[in-house]
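Shown next, in C-alpha coordinates, is the structure this report addresses.
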2 protein chains.
Amino acid sequence: MPQLQQATVRNSLLKALSPADFALLRPHLEPMTTQLREGLIDANQPIQELYFPEVGFASVVTACTEGQIEVGLIGREGLVGAAPVLLGSDRTPQQSFIQMSGEVLRISALELRAAVRKSSKLQDVLLRYVHTLMVQISMTVYAHAALNLEGRLARWLLMCHDRIDGDELVLTHEFLSMMLGVQRAGVTLALQNLEGAGRIKGRRKRVQILDRSKLEQLVGGSYGVAEAEYARLIGGA
Amino acid sequence: MPQLQQATVRNSLLKALSPADFALLRPHLEPMTTQLREGLIDANQPIQELYFPEVGFASVVTACTEGQIEVGLIGREGLVGAAPVLLGSDRTPQQSFIQMSGEVLRISALELRAAVRKSSKLQDVLLRYVHTLMVQISMTVYAHAALNLEGRLARWLLMCHDRIDGDELVLTHEFLSMMLGVQRAGVTLALQNLEGAGRIKGRRKRVQILDRSKLEQLVGGSYGVAEAEYARLIGGA
DNA sequence: AAATTATGGTGCGATAGCGAACAATGGGAT
DNA sequence: ATCCCATTGTTCGCTATCGCACCATAATTT
(Lines give C-alpha, C1' and ligand atoms only; values in the text may rest on other atoms or scores of the structure.)
Protein backbone atom coordinates (compact mmCIF):
# COMPACT_ATOMS: atom_id res chain seq x y z
CA MET A 1 0.00 0.00 0.00
CA PRO A 2 1.43 3.37 -0.99
CA GLN A 3 2.08 5.79 1.85
CA LEU A 4 -0.53 8.46 2.27
CA GLN A 5 0.34 11.87 0.91
CA GLN A 6 -0.93 14.94 2.71
CA ALA A 7 -1.73 16.51 -0.65
CA THR A 8 -4.09 13.69 -1.58
CA VAL A 9 -6.00 13.18 1.66
CA ARG A 10 -9.46 14.65 1.57
CA ASN A 11 -9.88 15.27 5.28
CA SER A 12 -9.40 18.99 5.74
CA LEU A 13 -8.25 18.69 9.32
CA LEU A 14 -5.36 16.54 8.15
CA LYS A 15 -4.76 18.96 5.29
CA ALA A 16 -4.52 21.83 7.74
CA LEU A 17 -1.73 20.24 9.75
CA SER A 18 1.86 21.30 9.27
CA PRO A 19 3.81 18.75 7.21
CA ALA A 20 5.74 17.76 10.32
CA ASP A 21 2.56 17.11 12.29
CA PHE A 22 1.07 15.17 9.43
CA ALA A 23 4.23 13.07 9.30
CA LEU A 24 3.75 12.26 12.98
CA LEU A 25 0.33 10.80 12.29
CA ARG A 26 0.87 9.28 8.86
CA PRO A 27 2.47 5.99 9.91
CA HIS A 28 -0.53 5.27 12.09
CA LEU A 29 -3.33 6.13 9.70
CA GLU A 30 -5.09 3.09 8.33
CA PRO A 31 -7.58 3.51 5.47
CA MET A 32 -10.83 1.70 6.02
CA THR A 33 -14.15 1.61 4.25
CA THR A 34 -17.25 2.21 6.30
CA GLN A 35 -20.77 0.86 6.16
CA LEU A 36 -23.98 2.64 6.87
CA ARG A 37 -24.72 2.54 10.60
CA GLU A 38 -21.33 1.12 11.43
CA GLY A 39 -20.45 2.07 15.00
CA LEU A 40 -17.27 4.06 15.48
CA ILE A 41 -17.43 5.10 19.12
CA ASP A 42 -19.56 3.25 21.64
CA ALA A 43 -21.08 4.95 24.63
CA ASN A 44 -19.19 4.50 27.89
CA GLN A 45 -16.64 2.13 26.39
CA PRO A 46 -12.90 2.80 26.28
CA ILE A 47 -12.10 4.50 22.99
CA GLN A 48 -9.53 2.45 21.11
CA GLU A 49 -9.59 4.26 17.80
CA LEU A 50 -10.40 7.59 16.24
CA TYR A 51 -11.45 8.21 12.66
CA PHE A 52 -10.70 10.95 10.15
CA PRO A 53 -13.55 10.73 7.60
CA GLU A 54 -12.40 10.97 4.01
CA VAL A 55 -15.69 10.24 2.29
CA GLY A 56 -19.04 10.11 4.05
CA PHE A 57 -19.77 11.29 7.55
CA ALA A 58 -20.76 10.21 11.03
CA SER A 59 -23.32 11.28 13.59
CA VAL A 60 -22.69 11.90 17.24
CA VAL A 61 -25.79 11.00 19.23
CA THR A 62 -26.80 10.94 22.87
CA ALA A 63 -28.48 7.67 23.66
CA CYS A 64 -30.95 8.12 26.45
CA THR A 65 -33.98 6.32 27.80
CA GLU A 66 -35.92 6.32 24.56
CA GLY A 67 -34.37 6.74 21.17
CA GLN A 68 -31.26 8.60 20.29
CA ILE A 69 -30.93 12.23 19.36
CA GLU A 70 -28.26 13.54 17.07
CA VAL A 71 -26.15 16.31 18.54
CA GLY A 72 -23.46 16.68 15.90
CA LEU A 73 -22.24 15.74 12.46
CA ILE A 74 -18.62 14.91 11.65
CA GLY A 75 -17.38 14.57 8.10
CA ARG A 76 -14.24 15.27 6.14
CA GLU A 77 -13.72 18.45 8.13
CA GLY A 78 -13.24 16.59 11.40
CA LEU A 79 -12.15 13.73 13.57
CA VAL A 80 -14.57 11.28 15.16
CA GLY A 81 -13.63 10.76 18.79
CA ALA A 82 -11.65 13.96 19.02
CA ALA A 83 -13.66 15.51 21.81
CA PRO A 84 -13.32 12.87 24.54
CA VAL A 85 -9.77 11.83 23.68
CA LEU A 86 -8.30 15.30 23.29
CA LEU A 87 -10.07 16.43 26.43
CA GLY A 88 -8.53 13.65 28.45
CA SER A 89 -11.34 11.17 28.81
CA ASP A 90 -10.94 7.62 27.58
CA ARG A 91 -14.67 7.32 27.11
CA THR A 92 -17.82 9.37 26.64
CA PRO A 93 -21.54 8.87 27.23
CA GLN A 94 -22.15 9.66 23.57
CA GLN A 95 -22.07 7.39 20.60
CA SER A 96 -20.87 7.89 17.04
CA PHE A 97 -21.77 5.92 13.94
CA ILE A 98 -21.59 6.18 10.18
CA GLN A 99 -24.42 8.12 8.70
CA MET A 100 -23.20 8.06 5.14
CA SER A 101 -20.84 5.31 4.16
CA GLY A 102 -17.47 5.91 2.59
CA GLU A 103 -13.90 5.89 3.81
CA VAL A 104 -12.12 6.89 6.97
CA LEU A 105 -8.53 6.96 8.12
CA ARG A 106 -8.34 5.11 11.41
CA ILE A 107 -5.77 5.86 14.08
CA SER A 108 -5.36 4.23 17.44
CA ALA A 109 -6.11 6.40 20.45
CA LEU A 110 -2.76 5.45 21.90
CA GLU A 111 -0.87 6.72 18.88
CA LEU A 112 -2.91 9.86 18.63
CA ARG A 113 -2.27 10.69 22.27
CA ALA A 114 1.43 10.05 21.77
CA ALA A 115 1.55 12.32 18.73
CA VAL A 116 -0.27 15.07 20.58
CA ARG A 117 2.22 14.84 23.43
CA LYS A 118 5.08 15.20 20.96
CA SER A 119 3.66 18.19 19.14
CA SER A 120 1.78 20.89 20.98
CA LYS A 121 1.03 22.50 17.62
CA LEU A 122 -0.84 19.36 16.65
CA GLN A 123 -2.70 19.42 19.93
CA ASP A 124 -3.60 23.06 19.36
CA VAL A 125 -5.14 22.41 15.96
CA LEU A 126 -7.17 19.48 17.22
CA LEU A 127 -8.38 21.41 20.26
CA ARG A 128 -9.47 24.25 18.03
CA TYR A 129 -11.45 21.68 16.07
CA VAL A 130 -13.08 20.53 19.31
CA HIS A 131 -14.10 24.13 19.87
CA THR A 132 -15.88 24.23 16.52
CA LEU A 133 -17.63 21.00 17.42
CA MET A 134 -18.83 22.53 20.68
CA VAL A 135 -20.21 25.47 18.77
CA GLN A 136 -21.95 23.08 16.40
CA ILE A 137 -23.59 21.25 19.29
CA SER A 138 -24.66 24.53 20.85
CA MET A 139 -26.33 25.53 17.62
CA THR A 140 -28.09 22.19 17.61
CA VAL A 141 -29.60 23.18 20.96
CA TYR A 142 -30.74 26.40 19.40
CA ALA A 143 -32.20 24.60 16.40
CA HIS A 144 -34.26 22.28 18.59
CA ALA A 145 -35.42 25.12 20.80
CA ALA A 146 -36.25 27.70 18.19
CA LEU A 147 -36.95 26.04 14.85
CA ASN A 148 -39.83 23.97 13.61
CA LEU A 149 -39.30 20.71 11.84
CA GLU A 150 -38.87 22.31 8.44
CA GLY A 151 -36.13 24.60 9.73
CA ARG A 152 -34.27 21.82 11.49
CA LEU A 153 -34.50 19.70 8.39
CA ALA A 154 -33.11 22.53 6.27
CA ARG A 155 -30.19 22.91 8.66
CA TRP A 156 -29.48 19.20 8.56
CA LEU A 157 -29.53 19.14 4.78
CA LEU A 158 -27.12 22.04 4.60
CA MET A 159 -24.71 20.39 6.99
CA CYS A 160 -24.82 17.13 5.09
CA HIS A 161 -24.36 18.90 1.79
CA ASP A 162 -21.11 20.42 3.08
CA ARG A 163 -19.80 16.96 3.77
CA ILE A 164 -20.46 15.25 0.45
CA ASP A 165 -19.43 15.67 -3.16
CA GLY A 166 -22.23 16.66 -5.45
CA ASP A 167 -25.74 17.72 -4.56
CA GLU A 168 -27.47 14.44 -3.95
CA LEU A 169 -27.97 12.88 -0.53
CA VAL A 170 -28.91 9.23 -0.31
CA LEU A 171 -31.21 8.68 2.63
CA THR A 172 -34.74 7.73 3.53
CA HIS A 173 -37.40 9.71 5.33
CA GLU A 174 -37.30 7.09 8.03
CA PHE A 175 -33.65 7.81 8.58
CA LEU A 176 -34.13 11.54 8.75
CA SER A 177 -36.94 11.14 11.22
CA MET A 178 -34.66 9.30 13.62
CA MET A 179 -31.94 11.88 13.42
CA LEU A 180 -34.25 14.81 13.95
CA GLY A 181 -36.23 13.04 16.64
CA VAL A 182 -39.62 13.34 14.93
CA GLN A 183 -42.00 10.95 13.28
CA ARG A 184 -41.49 9.81 9.73
CA ALA A 185 -44.70 11.27 8.30
CA GLY A 186 -43.64 14.70 9.51
CA VAL A 187 -40.43 14.44 7.52
CA THR A 188 -42.38 13.58 4.39
CA LEU A 189 -44.52 16.69 4.77
CA ALA A 190 -41.59 18.94 5.55
CA LEU A 191 -39.68 17.64 2.52
CA GLN A 192 -42.71 18.29 0.35
CA ASN A 193 -42.81 21.87 1.58
CA LEU A 194 -39.14 22.33 0.82
CA GLU A 195 -39.65 20.84 -2.60
CA GLY A 196 -42.65 23.03 -3.33
CA ALA A 197 -40.51 26.07 -2.65
CA GLY A 198 -37.87 24.88 -5.10
CA ARG A 199 -35.26 24.35 -2.41
CA ILE A 200 -34.77 20.65 -2.97
CA LYS A 201 -35.82 17.87 -5.29
CA GLY A 202 -36.86 14.58 -3.75
CA ARG A 203 -36.62 11.21 -5.38
CA ARG A 204 -36.98 7.84 -3.84
CA LYS A 205 -34.16 7.46 -1.31
CA ARG A 206 -32.63 10.64 -2.62
CA VAL A 207 -32.72 14.31 -1.84
CA GLN A 208 -31.12 16.75 -4.22
CA ILE A 209 -30.11 20.17 -2.94
CA LEU A 210 -31.24 22.80 -5.41
CA ASP A 211 -30.93 26.13 -3.67
CA ARG A 212 -28.75 26.50 -0.59
CA SER A 213 -29.54 30.15 -0.04
CA LYS A 214 -33.26 29.41 0.15
CA LEU A 215 -32.55 26.71 2.71
CA GLU A 216 -30.45 29.10 4.76
CA GLN A 217 -33.40 31.45 5.02
CA LEU A 218 -35.19 28.86 7.11
CA VAL A 219 -32.59 28.14 9.74
CA GLY A 220 -32.66 31.38 11.69
CA GLY A 221 -28.90 31.71 11.80
CA SER A 222 -28.36 28.26 13.27
CA TYR A 223 -26.29 27.24 10.26
CA GLY A 224 -23.03 28.94 9.48
CA VAL A 225 -21.78 29.93 12.90
CA ALA A 226 -19.84 26.75 13.55
CA GLU A 227 -18.67 26.74 9.95
CA ALA A 228 -17.34 30.28 10.30
CA GLU A 229 -15.47 29.28 13.46
CA TYR A 230 -13.91 26.43 11.55
CA ALA A 231 -12.82 28.73 8.74
CA ARG A 232 -11.39 31.19 11.25
CA LEU A 233 -9.54 28.68 13.41
CA ILE A 234 -8.58 25.79 11.16
CA GLY A 235 -8.50 27.01 7.64
CA GLY A 236 -10.66 28.68 5.10
CA ALA A 237 -10.63 25.91 2.48
CA MET B 1 -6.57 41.32 51.55
CA PRO B 2 -5.62 37.87 52.88
CA GLN B 3 -4.27 35.41 50.33
CA LEU B 4 -6.78 32.87 49.18
CA GLN B 5 -6.40 29.44 50.69
CA GLN B 6 -7.24 26.40 48.61
CA ALA B 7 -8.98 24.88 51.60
CA THR B 8 -11.40 27.76 51.85
CA VAL B 9 -12.34 28.32 48.21
CA ARG B 10 -15.73 26.97 47.31
CA ASN B 11 -15.11 26.36 43.63
CA SER B 12 -14.65 22.62 43.31
CA LEU B 13 -12.54 22.85 40.18
CA LEU B 14 -10.01 24.92 42.14
CA LYS B 15 -10.30 22.51 45.04
CA ALA B 16 -9.51 19.61 42.72
CA LEU B 17 -6.22 21.11 41.59
CA SER B 18 -2.93 19.94 43.03
CA PRO B 19 -1.56 22.42 45.59
CA ALA B 20 1.19 23.34 43.13
CA ASP B 21 -1.30 24.09 40.37
CA PHE B 22 -3.46 26.09 42.71
CA ALA B 23 -0.38 28.07 43.73
CA LEU B 24 0.19 28.90 40.06
CA LEU B 25 -3.23 30.48 39.78
CA ARG B 26 -3.60 31.98 43.23
CA PRO B 27 -1.67 35.22 42.68
CA HIS B 28 -3.92 36.03 39.76
CA LEU B 29 -7.31 35.27 41.26
CA GLU B 30 -9.29 38.36 42.12
CA PRO B 31 -12.48 38.02 44.16
CA MET B 32 -15.39 39.95 42.72
CA THR B 33 -19.06 40.15 43.51
CA THR B 34 -21.48 39.63 40.66
CA GLN B 35 -24.85 41.11 39.81
CA LEU B 36 -27.80 39.41 38.21
CA ARG B 37 -27.49 39.53 34.41
CA GLU B 38 -23.95 40.84 34.58
CA GLY B 39 -22.15 39.84 31.40
CA LEU B 40 -19.01 37.74 31.82
CA ILE B 41 -18.20 36.69 28.27
CA ASP B 42 -19.48 38.59 25.28
CA ALA B 43 -20.16 36.92 21.97
CA ASN B 44 -17.42 37.30 19.37
CA GLN B 45 -15.33 39.60 21.52
CA PRO B 46 -11.79 38.82 22.69
CA ILE B 47 -12.00 37.11 26.05
CA GLN B 48 -9.97 39.08 28.59
CA GLU B 49 -11.00 37.29 31.74
CA LEU B 50 -12.33 33.99 33.01
CA TYR B 51 -14.34 33.42 36.15
CA PHE B 52 -14.42 30.67 38.75
CA PRO B 53 -17.84 30.99 40.41
CA GLU B 54 -17.75 30.73 44.18
CA VAL B 55 -21.36 31.57 44.91
CA GLY B 56 -24.09 31.80 42.28
CA PHE B 57 -23.85 30.65 38.71
CA ALA B 58 -23.80 31.73 35.09
CA SER B 59 -25.57 30.72 31.90
CA VAL B 60 -23.99 30.05 28.56
CA VAL B 61 -26.38 31.04 25.81
CA THR B 62 -26.35 31.11 22.04
CA ALA B 63 -27.65 34.42 20.79
CA CYS B 64 -29.27 34.02 17.41
CA THR B 65 -31.72 35.91 15.29
CA GLU B 66 -34.49 35.97 17.85
CA GLY B 67 -33.94 35.58 21.54
CA GLN B 68 -31.27 33.60 23.26
CA ILE B 69 -31.32 29.97 24.24
CA GLU B 70 -29.43 28.59 27.19
CA VAL B 71 -27.10 25.75 26.36
CA GLY B 72 -25.23 25.32 29.63
CA LEU B 73 -25.01 26.25 33.28
CA ILE B 74 -21.73 26.96 35.05
CA GLY B 75 -21.52 27.26 38.83
CA ARG B 76 -19.06 26.50 41.57
CA GLU B 77 -18.11 23.28 39.80
CA GLY B 78 -16.68 25.11 36.81
CA LEU B 79 -14.94 27.94 35.05
CA VAL B 80 -16.74 30.44 32.85
CA GLY B 81 -14.82 30.92 29.63
CA ALA B 82 -12.95 27.65 29.95
CA ALA B 83 -14.16 26.15 26.70
CA PRO B 84 -12.99 28.75 24.19
CA VAL B 85 -9.80 29.71 26.00
CA LEU B 86 -8.61 26.19 26.77
CA LEU B 87 -9.47 25.10 23.25
CA GLY B 88 -7.33 27.83 21.77
CA SER B 89 -9.86 30.38 20.63
CA ASP B 90 -9.71 33.93 21.96
CA ARG B 91 -13.40 34.34 21.36
CA THR B 92 -16.63 32.41 20.93
CA PRO B 93 -20.00 33.03 19.33
CA GLN B 94 -21.64 32.26 22.65
CA GLN B 95 -22.32 34.54 25.54
CA SER B 96 -22.16 34.01 29.32
CA PHE B 97 -23.82 36.03 32.02
CA ILE B 98 -24.70 35.78 35.68
CA GLN B 99 -27.90 33.95 36.30
CA MET B 100 -27.72 33.98 40.08
CA SER B 101 -25.63 36.67 41.69
CA GLY B 102 -22.86 35.94 44.13
CA GLU B 103 -19.10 35.85 43.98
CA VAL B 104 -16.52 34.79 41.43
CA LEU B 105 -12.76 34.61 41.32
CA ARG B 106 -11.62 36.40 38.23
CA ILE B 107 -8.43 35.59 36.38
CA SER B 108 -7.03 37.19 33.26
CA ALA B 109 -6.99 35.03 30.17
CA LEU B 110 -3.34 35.88 29.71
CA GLU B 111 -2.39 34.56 33.14
CA LEU B 112 -4.55 31.47 32.78
CA ARG B 113 -2.95 30.62 29.46
CA ALA B 114 0.49 31.14 30.98
CA ALA B 115 -0.30 28.88 33.92
CA VAL B 116 -1.65 26.19 31.62
CA ARG B 117 1.54 26.32 29.58
CA LYS B 118 3.60 25.89 32.74
CA SER B 119 1.63 22.94 34.08
CA SER B 120 0.24 20.32 31.78
CA LYS B 121 -1.46 18.75 34.78
CA LEU B 122 -3.42 21.94 35.23
CA GLN B 123 -4.30 21.92 31.54
CA ASP B 124 -5.44 18.32 31.82
CA VAL B 125 -7.84 19.02 34.67
CA LEU B 126 -9.33 22.01 32.91
CA LEU B 127 -9.72 20.10 29.65
CA ARG B 128 -11.49 17.31 31.47
CA TYR B 129 -13.83 19.96 32.80
CA VAL B 130 -14.47 21.15 29.24
CA HIS B 131 -15.42 17.57 28.40
CA THR B 132 -18.06 17.54 31.13
CA LEU B 133 -19.38 20.82 29.78
CA MET B 134 -19.68 19.31 26.33
CA VAL B 135 -21.64 16.42 27.74
CA GLN B 136 -23.88 18.87 29.54
CA ILE B 137 -24.59 20.74 26.32
CA SER B 138 -25.30 17.48 24.51
CA MET B 139 -27.82 16.55 27.15
CA THR B 140 -29.41 19.95 26.67
CA VAL B 141 -29.97 18.98 23.04
CA TYR B 142 -31.61 15.80 24.20
CA ALA B 143 -33.77 17.66 26.69
CA HIS B 144 -35.05 20.04 24.02
CA ALA B 145 -35.66 17.23 21.56
CA ALA B 146 -37.26 14.66 23.82
CA LEU B 147 -38.80 16.36 26.86
CA ASN B 148 -41.83 18.52 27.25
CA LEU B 149 -41.70 21.79 29.08
CA GLU B 150 -42.28 20.23 32.46
CA GLY B 151 -39.38 17.84 32.00
CA ARG B 152 -37.02 20.53 30.80
CA LEU B 153 -38.02 22.70 33.72
CA ALA B 154 -37.36 19.85 36.15
CA ARG B 155 -33.92 19.36 34.67
CA TRP B 156 -33.13 23.03 34.96
CA LEU B 157 -34.23 23.14 38.58
CA LEU B 158 -32.06 20.15 39.42
CA MET B 159 -29.03 21.69 37.81
CA CYS B 160 -29.56 24.97 39.61
CA HIS B 161 -30.10 23.22 42.90
CA ASP B 162 -26.69 21.59 42.57
CA ARG B 163 -25.10 25.00 42.30
CA ILE B 164 -26.61 26.75 45.30
CA ASP B 165 -26.63 26.32 49.07
CA GLY B 166 -30.02 25.45 50.47
CA ASP B 167 -33.17 24.54 48.60
CA GLU B 168 -34.52 27.87 47.51
CA LEU B 169 -33.99 29.38 44.09
CA VAL B 170 -34.68 33.06 43.59
CA LEU B 171 -36.04 33.66 40.12
CA THR B 172 -39.12 34.74 38.25
CA HIS B 173 -41.25 32.83 35.82
CA GLU B 174 -40.31 35.41 33.22
CA PHE B 175 -36.67 34.54 33.70
CA LEU B 176 -37.23 30.82 33.43
CA SER B 177 -39.25 31.30 30.28
CA MET B 178 -36.34 33.02 28.58
CA MET B 179 -33.89 30.34 29.55
CA LEU B 180 -36.06 27.51 28.41
CA GLY B 181 -37.14 29.29 25.27
CA VAL B 182 -40.87 29.14 25.96
CA GLN B 183 -43.53 31.62 26.87
CA ARG B 184 -43.96 32.81 30.43
CA ALA B 185 -47.49 31.50 30.92
CA GLY B 186 -46.29 28.02 30.08
CA VAL B 187 -43.75 28.16 32.87
CA THR B 188 -46.45 29.12 35.32
CA LEU B 189 -48.50 26.07 34.37
CA ALA B 190 -45.54 23.72 34.47
CA LEU B 191 -44.53 25.00 37.90
CA GLN B 192 -48.07 24.48 39.12
CA ASN B 193 -47.95 20.89 37.94
CA LEU B 194 -44.67 20.31 39.71
CA GLU B 195 -46.05 21.88 42.84
CA GLY B 196 -49.22 19.80 42.72
CA ALA B 197 -47.09 16.67 42.67
CA GLY B 198 -45.19 17.82 45.74
CA ARG B 199 -41.93 18.21 43.90
CA ILE B 200 -41.47 21.91 44.56
CA LYS B 201 -43.02 24.76 46.48
CA GLY B 202 -43.46 28.03 44.67
CA ARG B 203 -43.55 31.44 46.25
CA ARG B 204 -43.33 34.78 44.61
CA LYS B 205 -39.89 35.03 43.01
CA ARG B 206 -38.94 31.83 44.77
CA VAL B 207 -38.94 28.13 44.02
CA GLN B 208 -38.17 25.69 46.76
CA ILE B 209 -36.97 22.22 45.82
CA LEU B 210 -38.81 19.65 47.90
CA ASP B 211 -38.17 16.28 46.29
CA ARG B 212 -35.25 15.82 43.95
CA SER B 213 -35.98 12.18 43.21
CA LYS B 214 -39.45 13.05 41.99
CA LEU B 215 -37.96 15.68 39.73
CA GLU B 216 -35.47 13.20 38.37
CA GLN B 217 -38.31 10.95 37.28
CA LEU B 218 -39.35 13.58 34.78
CA VAL B 219 -36.10 14.20 32.99
CA GLY B 220 -35.72 10.94 31.08
CA GLY B 221 -32.09 10.49 32.03
CA SER B 222 -31.06 13.90 30.76
CA TYR B 223 -29.88 14.88 34.22
CA GLY B 224 -27.02 13.08 35.88
CA VAL B 225 -24.92 12.03 32.93
CA ALA B 226 -22.77 15.15 32.86
CA GLU B 227 -22.63 15.14 36.64
CA ALA B 228 -21.37 11.55 36.66
CA GLU B 229 -18.67 12.47 34.16
CA TYR B 230 -17.62 15.29 36.43
CA ALA B 231 -17.41 12.98 39.43
CA ARG B 232 -15.44 10.47 37.42
CA LEU B 233 -12.97 12.90 35.86
CA ILE B 234 -12.58 15.76 38.29
CA GLY B 235 -13.52 14.59 41.72
CA GLY B 236 -16.35 12.96 43.54
CA ALA B 237 -17.03 15.73 46.05
C1' DA C 1 -52.21 54.95 52.66
C1' DA C 2 -52.27 55.29 47.74
C1' DA C 3 -50.30 54.62 43.48
C1' DT C 4 -47.43 52.10 40.56
C1' DT C 5 -44.98 48.32 38.88
C1' DA C 6 -43.56 43.59 38.71
C1' DT C 7 -45.01 39.19 38.90
C1' DG C 8 -48.12 35.33 38.75
C1' DG C 9 -52.72 33.04 37.33
C1' DT C 10 -56.18 31.95 33.86
C1' DG C 11 -58.78 31.36 29.58
C1' DC C 12 -59.27 30.82 24.51
C1' DG C 13 -58.42 30.06 19.67
C1' DA C 14 -54.67 28.59 16.57
C1' DT C 15 -51.05 25.51 15.18
C1' DA C 16 -47.32 22.02 14.97
C1' DG C 17 -46.32 17.69 15.50
C1' DC C 18 -47.75 13.01 17.38
C1' DG C 19 -49.71 8.39 16.86
C1' DA C 20 -51.77 5.40 14.13
C1' DA C 21 -53.62 3.95 10.43
C1' DC C 22 -53.89 2.87 5.23
C1' DA C 23 -52.92 3.71 0.20
C1' DA C 24 -49.77 4.24 -3.58
C1' DT C 25 -45.45 3.54 -5.81
C1' DG C 26 -41.02 2.23 -7.39
C1' DG C 27 -37.24 -0.94 -7.82
C1' DG C 28 -35.01 -5.19 -6.89
C1' DA C 29 -35.54 -10.24 -6.85
C1' DT C 30 -37.02 -14.30 -9.16
C1' DA D 1 -42.38 -9.72 -16.79
C1' DT D 2 -44.15 -10.18 -12.33
C1' DC D 3 -44.27 -10.05 -7.58
C1' DC D 4 -43.06 -8.23 -3.33
C1' DC D 5 -41.93 -5.05 0.00
C1' DA D 6 -39.40 -1.07 1.44
C1' DT D 7 -40.39 3.50 0.91
C1' DT D 8 -43.24 7.36 0.36
C1' DG D 9 -47.77 9.83 0.40
C1' DT D 10 -52.02 10.93 2.85
C1' DT D 11 -55.42 11.37 6.30
C1' DC D 12 -57.58 12.07 11.00
C1' DG D 13 -58.17 12.91 15.72
C1' DC D 14 -55.37 14.31 19.69
C1' DT D 15 -52.28 16.93 22.69
C1' DA D 16 -48.91 20.31 23.95
C1' DT D 17 -47.72 24.60 23.45
C1' DC D 18 -48.10 29.11 21.46
C1' DG D 19 -49.74 33.82 21.22
C1' DC D 20 -52.44 36.90 23.14
C1' DA D 21 -55.27 39.15 26.33
C1' DC D 22 -56.83 40.16 30.71
C1' DC D 23 -57.03 40.03 35.67
C1' DA D 24 -55.11 39.26 40.51
C1' DT D 25 -51.80 39.83 43.77
C1' DA D 26 -47.65 41.15 45.85
C1' DA D 27 -43.88 44.41 46.39
C1' DT D 28 -42.12 49.02 45.97
C1' DT D 29 -42.36 53.84 45.82
C1' DT D 30 -44.21 58.20 47.19
Side-chain angles (χ1 to χ4, degrees), chain A residues 36-37 65-70 99-100 142-157 168-197 200-208 218-220 222, chain B residues 35-37 65-69 99-101 141-157 168-197 200-208 218-220 222:
Chain A
L36 188 60
R37 291 183 171 276
T65 33
E66 304 234 347
Q68 45 196 23
I69 297 296
E70 178 176 88
Q99 185 76 256
M100 175 149 297
Y142 178 86
H144 273 281
L147 303 182
N148 61 12
L149 175 50
E150 197 173 330
R152 299 206 307 279
L153 181 57
R155 173 170 181 262
W156 201 89
L157 292 173
E168 201 164 70
L169 292 160
V170 179
L171 38 78
T172 67
H173 297 187
E174 181 73 37
F175 212 64
L176 278 169
S177 76
M178 285 179 29
M179 283 308 96
L180 298 170
V182 299
Q183 71 166 16
R184 198 270 312 156
V187 172
T188 302
L189 293 190
L191 283 171
Q192 284 164 1
N193 286 348
L194 292 178
E195 181 154 6
I200 63 165
K201 174 96 186 71
R203 275 198 292 278
R204 192 180 182 77
K205 276 193 153 191
R206 285 183 162 67
V207 175
Q208 186 180 357
L218 295 175
V219 300
S222 68
Chain B
Q35 302 302 317
L36 187 61
R37 290 182 174 279
T65 33
E66 303 234 349
Q68 44 196 23
I69 297 295
Q99 185 75 257
M100 175 150 297
S101 60
V141 176
Y142 178 85
H144 273 282
L147 302 183
N148 61 13
L149 175 51
E150 198 173 330
R152 298 205 307 277
L153 181 57
R155 174 171 182 262
W156 202 88
L157 292 174
E168 201 165 69
L169 292 161
V170 179
L171 37 78
T172 68
H173 295 188
E174 181 73 38
F175 211 65
L176 278 169
S177 75
M178 283 178 30
M179 284 308 96
L180 298 170
V182 299
Q183 70 166 18
R184 200 267 314 155
V187 172
T188 302
L189 292 191
L191 282 171
Q192 284 164 0
N193 286 347
L194 292 178
E195 182 155 5
I200 62 166
K201 175 94 186 71
R203 275 197 291 280
R204 192 181 181 77
K205 276 194 154 189
R206 286 184 160 65
V207 175
Q208 186 180 356
L218 295 175
V219 300
S222 69

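These values consider heavy atoms only, across backbone and side chains, with no hydrogens, waters or symmetry-generated copies. Numbers restart at 1 for each chain; the letters A, B, ... are given by sequence-line order, proteins then strands.
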### Query
Counting distance only, does the side-chain N/O of B:Arg155 pair as donor-acceptor with the main-chain N or O of B:Ala143 below 3.5 Å?
no

### Query
Given atom CE of B:Met178 and atom P of D:dC18, what is their separation to the nearest angstrom?
15 Å

### Query
Once you round it to whole Å, what is the distance between P of D:dT7 and CZ of A:Arg206?
13 Å

### Task
Using whole Å, report how far NZ of A:Lys205 lies from P of D:dG9.
14 Å

### Message
If the condition is salt bridge (Lys or Arg N to Asp or Glu O under 4.0 Å), which residues does A:Lys205 pass it with, not counting sequence neighbours?
### Response
none

### d(CG, B:Asn193; C1', C:dG9) in whole Å
13 Å

#### Entry: Nearest-0.5 Å distance, CZ of residue A:Phe175 to CG of residue A:Leu36
4.5 Å

### Task
Can you tell me the distance, in whole Å, between the NE2 atom of B:His173 and the P atom of C:dG8?
4 Å

### Task
Quick one: which residue pairs count as a side chain to side chain donor-acceptor pair (under 3.5 Å) with a foot in residues 180-194 of chain A, not counting sequence neighbours?
A:Glu150-A:Asn193, A:His173-A:Thr188, A:Arg184-A:Thr188

### Query
Whole-Å distance between C:dT7 P and B:Leu191 CG?
15 Å

### Query
Does A:Glu195 have any salt bridge (Lys or Arg N to Asp or Glu O under 4.0 Å) partners at least two apart in sequence or in another chain, and if so, which?
A:Lys201

### Message
Between B:Gln192 and C:dG8, is there a contact of a side-chain N or O with OP1 or OP2 at under 4.0 Å?
### Response
no

### Message
For nucleotides 13-28 of chain C, give me one character per nucleotide, 5' to 3': B if any protein heavy atom sits under 4.0 Å from the base, S if the only such contacts are to the sugar-phosphate, - if neither.
### Response
----SBB-----BBS-

### Message
Let me check the geometry of the helix from C:dA1-D:dT30 to C:dT30-D:dA1. What is the bend angle between the axes at its two ends, five pairs each, to 10°?
### Response
40°

### Message
Ignoring hydrogens, what is the shortest heavy-atom contact between A:Glu70 and B:Val141? Give both atom names and the distance.
### Response
O-CG1, 3.9 Å

### Query
D:dA16 P sits how many Å from A:His144 NE2, rounded?
20 Å

### Query
Mapping A:Leu189 and A:Glu174 onto DNA chain D by nearest heavy atom, which one lands closer to the 5' end?
A:Glu174

### Task
Taking all non-hydrogen atoms of both residues into account, name the closest pair between A:Ala190 and A:Leu153 and its distance.
CB-CD2, 3.7 Å

## Note on the structure
With sequence neighbours left out, the residues meeting salt bridge (Lys or Arg N to Asp or Glu O under 4.0 Å) with B:Arg37 are none

### Task
Return the minimal non-hydrogen interatomic distance between A:Gly151 and A:Val219, and the atom names on each side.
O-CG1, 3.7 Å

